[in-house]
Protein chains: 2
Amino acid sequence: MSIGIKDVAKAAGVSAATVSRVLGSGSVSPDLRDKVEAAVRATGYRPNLSARRLRSQHSRTIGLIVSDIANPFFTELSRAVEMAAHQADLRVMLCNTDENPEREALYLEMMQEERITGLILAPTSVGAARIATMDFDFPVILIDRAGPLGAHDEVTIDNAESARLLVEHLVARGHRHIAGIFGNTSSTAAARHEGYVAAMAAHGLPPHAQFVAPTAEAAGAAFMRMVERSLRLDAVLASNGLILLGVVKASKAMGLEMPRDLSVVGFDNETWTDLVGAGITVIEQPVAEIGRTAMALLFERLACPHLPPRRVVLSGRLVERGMPRPA
Amino acid sequence: MSIGIKDVAKAAGVSAATVSRVLGSGSVSPDLRDKVEAAVRATGYRPNLSARRLRSQHSRTIGLIVSDIANPFFTELSRAVEMAAHQADLRVMLCNTDENPEREALYLEMMQEERITGLILAPTSVGAARIATMDFDFPVILIDRAGPLGAHDEVTIDNAESARLLVEHLVARGHRHIAGIFGNTSSTAAARHEGYVAAMAAHGLPPHAQFVAPTAEAAGAAFMRMVERSLRLDAVLASNGLILLGVVKASKAMGLEMPRDLSVVGFDNETWTDLVGAGITVIEQPVAEIGRTAMALLFERLACPHLPPRRVVLSGRLVERGMPRPA
DNA sequence: CAAAAATGTGAGATCGTTTTCAGAAATGTC
DNA sequence: GACATTTCTGAAAACGATCTCACATTTTTG
């Protein structure tokens with residue numbers, strides 16, 4: 001079959017154990033080490049990871065389960081995680097649930113079967129609660145979405161405060177009739193809704209909130225219905241990039257012009273948000289930092305398994321664009 | 001440690017071999033099967049994939065190496081591949097090189113060490129040539145980027161023809177001074193350039209082509225330089241989504257208005273292309289079909305290793321948007 | 001210089017499965 | 001009823017690495 005460690009050993013005139021020590025970090029005399037390295041190159045030997053993992057009982061692999069790989073937030077996040085993992089000489093297994101709890105469950109099983117070292121997980125809404133009750137043979141770090149407090153380590157951003165910033169931005173620019181459209185599946189959206197309602201109340205403004213499936217289509221349709229109902233709308237807050245997209249597309253379809261008839265603000269600083277009209281004000285999430293923090297928490301947890309669970313909250317950054325409401 | 005097949009066997013009062021047969025597809029009498037299944041549930045047993053792969057000598061895993069996970073083309077592609085793989089009960093290992101040949105090499109090594117069943121690969125420009133000369137223990141299917149003919153199976157789109165369609169579109173709408181900006185790293189961009197030049201020649205128009213690093217910044221800067229040099233430019237063809245983005249941002253920065261001063265066309269039907277101005281005409285790639293085709297080629301290759309290598313060319317679809325050139 | 005300690009090496013056990021093989025039991029055939 | 005088949009089952013080998021342990025050699029120490 002393919003060449004194994006014994007073939008290398010034979011070629012180098014040493015035992016398999018010595019080859020293993022050269023490959024790993026055992027102490028080997030320089031001349032034998034040279035011979036082995038030469039033999040490895042000569043034979044083109046590639047260690048069999050399955051065998052290695054089986055025997056050594058650790059996978060040097062962490063899992064990363066995201067809920068939507070098409071969302072730039074998660075692709076950037078996976079980049080950051082991958083980078084940090086690579087520095088620690090760990091592999092990353094990236095899986096995408098597409099917000100489907102069944103796929104999430106499937107991947108969670110797979111992670112157990114792979115005997116991963118740790119898991120970074122953006123749970124689906126349904127999953128978050130269930131996962132808090134399960135116990136795993138490895139540490140789990142939740143990101144983006146929060147679970148019940150105290151079950152696992154978590155990294156999130158201050159969603160309520162970020163929503164407040166967006167409302168303040170709109171109010172400062174003269175908007176009063178501010179609607180909010182929120183995803184109906186994540187704790188993240190719920191927190192953003194909370195911040196929106198509170199900020200509106202602080203200005204004595206009535207909230208117009210709507211929860212929708214987190215797709216551009218659903219958001220667009222919801223927005224159209226809102227406009228038909230209440231003509232006085234002059235701004236919309238969208239709880240994520242997809243909803244933002246839906247609202248922008250719908251308003252374009254209805255012939256609304258961006259600074260004149262409507263302002264839109266939202267979350268996630270996607271590439272297109274500065275191309276539309278005079279630009280769209282958004283909250284940019286510190287994606288890379290979220291990834292790095294999650295990895296840091298994971299390492300600490302691996303070092304000290306019995307620390308109490310921690311929740312790290314990072315801040316979103318307001319990226320101001322667009323123009324004030326015309327008089 | 002964690003529970004193994006022997007623990008399950010003991011709990012069920014059978015041998016480990018029988019448990020293995022129940023889990024796999026061996027023939028086991030119904031009553032023993034029931035007992036084993038009960039024992040599996042009772043113990044919460046999860047098979048150890050490393051051990052399984054080591055013994056059974058196949059990983060039931062395919063590799064997918066893409067060159068830029070942030071590109072929606074590749075995220076959608078990975079979705080399609082994942083879906084097809086899942087139906088065949090295969091896992092997908094997704095890796096992202098970020099166009100970095102070193103990371104590509106690293107991942108290729110890893111794939112060998114994982115003893116994957118097959119690989120679907122969008123090579124970096126540097127990588128494509130080198131990979132043609134290497135030989136692997138598993139079939140390799142190239143996608144998006146072509147290698148030297150005959151080395152591996154391939155799935156691409158008809159890039160030259162697609163570029164021609166874009167030129168025809170512009171010419172039909174009254175444009176004559178059409179520049180082209182192309183990535184300088186992929187065979188894909190080269191083919192698109194070829195199609196552009198041929199189509200321009202067919203109309204007796206002089207080409208204005210420029211090759212740039214495939215980033216929005218480089219493309220924007222190149223476009224600005226072009227405008228400064230030749231004021232008569234009335235349209236631009238961009239060879240991929242990122243370059244398109246760079247051109248649109250730069251033209252916006254220079255105060256050019258989209259139907260009035262300039263038309264832009266390009267590849268990849270990204271979400272934002274219908275939001276900008278009157279919309280941007282693009283070639284939409286049949287991403288899902290590319291993914292499915294790659295998987296199909298892989299399965300056929302696994303079935304018949306000695307078939308001559310095949311190249312499948314799919315067609316892009318012209319999505320017409322925007323408005324004709326003002327008189 | 002002898003004893004003690006440190007170092008390098010290889011034989012063989014081991015990780016948790018699947019697979020082979022042989023035997024037992026059940027079934028079929030004449 | 002005896003023999004040939006088929007069907008199940010368990011003991012033990014095998015997968016390819018690492019790790020333990022014992023032994024040989026070298027180095028340190030008093």
N/O donor to acceptor pairs below 3.5 angstrom from side-chain atoms of residues 24-43 of chain B, sequence neighbours left out:
{"from": "Ser29(B)", "atom 1": "OG", "to": "Asp31(B)", "atom 2": "OD1", "distance (Å)": "2.8"}
{"from": "Arg33(B)", "atom 1": "NH2", "to": "Gly26(B)", "atom 2": "O", "distance (Å)": "3.2"}
{"from": "Thr43(B)", "atom 1": "OG1", "to": "Ala39(B)", "atom 2": "O", "distance (Å)": "2.8"}
{"from": "Thr43(B)", "atom 1": "OG1", "to": "Val40(B)", "atom 2": "O", "distance (Å)": "3.3"}
{"from": "Thr43(B)", "atom 1": "OG1", "to": "Tyr45(B)", "atom 2": "N", "distance (Å)": "3.4"}

Thr61(B) side chain to Ser59(B) backbone, donor-acceptor under 3.5 Å
yes
Partner set under ring pair (Phe, Tyr, Trp, His ring centres under 6.0 Å) for Phe299(A), not counting sequence neighbours
none
Nearest of dG16(D), dC19(D), dT17(C) to any side-chain atom of Leu54(B)?
dG16(D)
Short side-chain N/O contact from Tyr45(A) to OP1 or OP2 of dG16(D), under 4.0 Å
no
Take the protein atom CG of Asp7(A) and the nucleotide atom P of dG16(D), then report the distance between them rounded to whole Å.
9 Å
Distance check needed: dC15(C) P versus Arg46(B) CZ, whole Å only.
22 Å
Students often get this wrong, so: under 4.0 angstrom with heavy atoms, is Leu32(B) touching a base, only sugar-phosphate, or nothing?
sugar-phosphate
Residues, nucleotides or ligands: over 12 heavy atoms within 6.0 Å of Glu113(B) CD:
yes
d(NZ, Lys6(A); P, dT18(D)) in whole Å:
13 Å
Side chain of Ser29(B) - closest among dA17(D), dT18(C), dT9(D):
dT9(D)
What is the separation between atom CD1 on Ile5(B) and atom P on dT14(C), rounded to the nearest whole Å?
19 Å
Could you state the atom-to-atom distance from CZ of Arg52(B) to P of dT19(C) in whole Å?
10 Å
Would you jot down, in residue-number order, the residues of residues 14-21 of chain B having a non-hydrogen atom under 4.0 Å from DNA chain D?
Val14(B), Ser15(B), Ala17(B), Thr18(B), Arg21(B)
Once side-chain hydrogen bond (donor to acceptor under 3.5 Å, both in side chains) is applied, do any residues pair with Arg301(B), and if so which ones, sequence neighbours excluded?
Asp153(B)
Got a sec: does the CE of Met83(A) have more than 12 other heavy atoms crowding it under 6.0 Å?
no
Side chain of Gln57(B) only, please: which of dG16(D), dA17(D), dT9(D) is the nearest?
dG16(D)
Side-chain donor-acceptor contact under 3.5 Å, Ser78(A) with Thr75(A):
no
Toward the 5' end of DNA chain D, which comes first, Ala51(A) or His58(A), by nearest nucleotide?
Ala51(A)
Looking at the side chain of Arg55(B), which of dT18(C), dG8(C), dC8(D) is the nearest nucleotide?
dT18(C)
Answer whether the closest heavy-atom distance between the side chains of Arg115(B) and Arg53(B) falls below 4.5 Å.
no
How close or far is atom C1' of dC19(D) from atom CG of Leu23(A), stated in whole angstroms?
15 Å
Close side-chain approach of Met295(B) and Val81(B), heavy atoms under 4.5 Å
yes
Keeping to residues at least two apart or across chains, list the ring-ring contact (aromatic ring centres under 6.0 Å, His included) pairs with something in residues 93-146 of chain B.
Phe136(B)-Phe138(B)
Which whole-number value in Å describes the distance from Glu113(A) CD to dT17(C) C1'?
12 Å
Take atom CG of Leu49(A) and atom C1' of dC15(D), then tell me their distance rounded to the nearest Å.
15 Å
Using five pairs at each end of the helix from dC1(C)-dG30(D) to dC30(C)-dG1(D) to define an axis, what is the angle between those two axes, to 10°?
30°
